[in-house]
Protein chains: 2
Amino acid sequence: MVVMPTKDQLLDCAEHFARTRGFDAFSYADLSKEIGIQKASIHYHFATKADLATALIERYAARFADDLTRISDRRGTAAEDLKAYLGLYKEALSQGSRICLCVSFSAARDSFDDKTLAHLNRFHRDSLAWLARVFDKAGADASIPGLIADPKDEAHSILSLVEGAQLISRAARSDAPYDHAVQPLLRRLS
Amino acid sequence: MVVMPTKDQLLDCAEHFARTRGFDAFSYADLSKEIGIQKASIHYHFATKADLATALIERYAARFADDLTRISDRRGTAAEDLKAYLGLYKEALSQGSRICLCVSFSAARDSFDDKTLAHLNRFHRDSLAWLARVFDKAGADASIPGLIADPKDEAHSILSLVEGAQLISRAARSDAPYDHAVQPLLRRLS
DNA sequence: GTCTATAGACTGATAGAC
DNA sequence: GTCTATCAGTCTATAGAC
C-alpha cells in the first residue's frame, strides 16, 4: 500500500466524483467526508474550486496523451491503433460507469473559467490530431477499408462516436449501448 | 405576439437554461428574474425542481417523437430520413449552442429521480427504434451503400455520433466539429 | 395565482490557533 | 498542513396573506 500525498488523494477523489456525478454535483464537503480531512484543509491544496478544476483537467489530458503515445509507439496498423483507442474509452466505462472527464466537463462547460476551458479544448484538439494521423496512416497501409472522407472529418466522427456512446451508456447504466455503437466501426477494422 | 400561460413560459425558459447551462446550473431564482415572477410563485406551477425536470423531459420527448414521425411521413428513402435526422440535431445547435435536452440530462444523470430517468431512457429507446427502422428500410431501398452491420448497431452508432458531436461543438463554441463529424456519413448518403 | 417573509440546509471561502 | 469556527451567499421549499 503506497502512502499517497493528500493532494493526489484529493485529485483522485475529485476525478472520480466528476466522472460519475459531474463537476457541479460534488462539493468540498463530499471530498472532506471521503478523504477524512476538514473542508478548510482542502482549500490549502486548492484555494478555489476553479483551481481544482484546472488541476483535474490538466492531469487528465496529460495522462490521456501518454496513453495515445503508448498506442502509437507500438507501430501497428491504423486499424490496430483505432481498436486500441476504442478500448481506452470502453475501459473507462467498465470501471464503474466513469465517463471521460472531458465528456463530463464539456457537458458543464459554463461552470468553468477560461483557463480550464483552454485545457479542455486542448484535449479535444490533441485527440483529433492523433486520430487524423491514424487516418493518414490508414491511407498508406490500407488497413481501414471503405475510407472516402477526409482524415480530419473521420477524426471528428470517431471522437463524437466514443464520447456520445459513453454518455448514452452511462444514462442507461449499461455497457451495451457503447458496444453496439462501436460495432459498425469494428466490423470495418477486422 | 401570443400571450403565453406562465407555466409554458417557465417550461420554455427552463428548457433553454437546461440546454445551454445544464439542469443543475440554473435555479428558481434564475427563472424568477427571467420571467418576472417571484420564486415562490414558481413552486405553484412546479412544486419541486424534480417535477420541473420530469415535465421538461416529457414535453421534449413528445415533441421530438413528433419530429421523427413527421420525417417518416414524408415516405422518402432511408438516406433522406437520415439526412433529415442529422438536420434536427444541427438545427438545435445552430440556435444558440443548444444541445439536445437528453444530452444535457444524460450528463447529469445522478441529479434526477427514477421518474425523470424513465422518460430519458424512453427518449433513447424511441430514437434507437426509429433509427433501426430507417436502417431496415435502407436494407430494402439500398439508399445507404456499404451497410454491413446490424440495424440496431447502426442505430446506436448514429445516436452516439450526433449526441457526441453536439457536445464537442458546444464545448468548442462552434458548429464546425458537428459538421466535420457528420461528413463521413453524409458522403455515404449523397 | 401571485405575493412577502422565512426556514433550514448547503455552498465555497476565510481567519487565526496549533 | 491541519484544525475549529465562522462568514456571506445561495439553494429548494413552505406558510400564510391577498
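Below, each value reflects all heavy atoms present in this structure, side chains not excepted, and no hydrogens, waters or symmetry copies. Per chain, numbering begins at 1; letters A, B, ... match sequence-line order.
Summarising the geometry, the separation between CG on L31(B) and P on dG1(C) is reported as 18 Å, rounded to the nearest angstrom. Counting to the nearest Å, the P atom of dT12(D) and the CZ atom of F112(B) are 13 Å from each other. Between the C1' atom of dT10(D) and the CG atom of D24(B) lies a distance of 14 Å, rounded to the nearest Å. Between the OH atom of Y28(B) and the P atom of dT6(C) there is a distance of 22 Å, rounded to whole Å. The CD1-P distance, from I35(B) to dC3(C), rounds to 12 Å in whole Å. Atom CD in Q38(A) sits about 5 Å away from atom P in dC3(D), given to the nearest Å. The interatomic distance linking K49(B) (NZ) with dT14(D) (P) rounds to 15 Å, in whole Å.
When each of Y44(A) and F46(B) is assigned the nucleotide of DNA chain D bearing its nearest heavy atom, the one mapping closer to the 5' terminus is Y44(A).
Side chain of K39(A), nearest nucleotide from dG12(C), dA5(D), dT4(C): dG12(C). Among the nucleotides dT14(C), dT14(D), dT11(C), the one closest to any side-chain atom of H43(A) is dT14(C).
An OP1 or OP2 oxygen of dC11(D) is reached within less than 4.0 angstrom by a side-chain nitrogen or oxygen of S27(B). When the side-chain nitrogen and oxygen atoms of T6(B) are compared with OP1 and OP2 of dT2(C), one or more of them lie within a distance under 4.0 Å. Contact annotation: S41(B) reaches the phosphate of dC3(C) (side-chain N/O to OP1 or OP2, under 4.0 Å). Distances shown here put a side-chain N or O of H45(B) below 4.0 Å from the OP1 or OP2 atom of dT2(C). Phosphate proximity of dG12(C) to T48(A): absent, as no side-chain N or O sits under 4.0 Å from OP1 or OP2.
The aromatic rings of W130(B) and Y85(B) lie parallel to each other, with less than 30° between the two planes, well short of the 60° mark.
Looking at F112(A) and I57(A), their side chains never come closer than 4.5 Å, going by heavy atoms from C-beta outward.
Using a 4.0 Å cut-off between charged side-chain N and carboxylate O, R133(A) and D81(A) make no salt bridge.
Cation-pi geometry between K49(A) and F23(A) is met: the NZ or CZ atom falls under 6.0 Å from the ring centre, inside 45° of the normal.
Open room surrounds CG on D114(B); 12 or fewer heavy atoms of other groups in view lie less than 6.0 Å from it.
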